[in-house]
Amino acid sequence: MSFVNTELVVGTNSYVTNEEASEYVKAYYPTGHPMYSLWFSLSEEDQNIALLKSTLNLEQLSYV
């Protein structure tokens, strides 16, 4: 049972889709890297939560 809406909507609550994030991880981290293992060990819902949280964190930064 999920209490949080974890649906990604690019341009609204996320910069990328789950698939785009997975392609990024595949392109920039070797299979033995902890980040690769961590990302692909997460369920799709947990990956979405990570992307939603990352977007919120980026939106709170002040840019000059």
Query raised in the report: Is Phe40 reachable from Leu42 through a run of I, L, V, M, F, W or Y residues, each pair having side-chain heavy atoms under 4.5 Å apart?
Result: yes
**Report entry** Residue list, side-chain hydrogen bond (donor to acceptor under 3.5 Å, both in side chains) with Glu20, at least two apart or on another chain
**Finding:** Thr17
Requested in this report: Would you mind listing every ring-ring contact (aromatic ring centres under 6.0 Å, His included) that reaches into residues 44-64, with sequence neighbours excluded?
Outcome: none
Report task. Please identify each residue that fulfils side-chain hydrogen bond (donor to acceptor under 3.5 Å, both in side chains) with Gln60, with sequence neighbours left out. Result -> none
**Report entry** Residue pairs passing the salt bridge (charged side-chain N to carboxylate O under 4.0 Å, His left out) test where at least one lies in residues 25-39, sequence neighbours excluded
**Finding:** Glu23-Lys26
Could you go through residues 27-39 and list every donor-acceptor pair under 3.5 Å that involves a side-chain atom there, pairing it with any protein atom two or more places apart or in another chain?
from  : atom 1 : to    : atom 2 : distance (Å)
His33 : ND1    : Met35 : N      : 2.9
Trp39 : NE1    : Ser22 : OG     : 3.0

Query raised in the report: Is there a donor-acceptor contact under 3.5 Å from the side chain of Asp46 to the main chain of Ser41?
Result: no
Requested in this report: To the nearest 0.5 angstrom, please state how far the OG1 atom of Thr55 sits from the CG atom of Leu8.
Outcome: 8.0 Å
Requested in this report: Go through the structure and list residues passing side-chain hydrogen bond (donor to acceptor under 3.5 Å, both in side chains) with Asn18, not counting sequence neighbours.
Outcome: Gln47, Asn48
Query raised in the report: How far apart are the C-alpha atoms of Val16 and Tyr24, what are their side-chain angles, what is the distance that settles it, and do they pass the side-chain contact (heavy atoms from CB on, under 4.5 Å) test?
Result: CA-CA 10 Å; Val16 297; Tyr24 178 89; over 6 Å; no
Query raised in the report: Can you hop from Leu58 to Leu52 via hydrophobic side chains spaced under 4.5 Å?
Result: yes
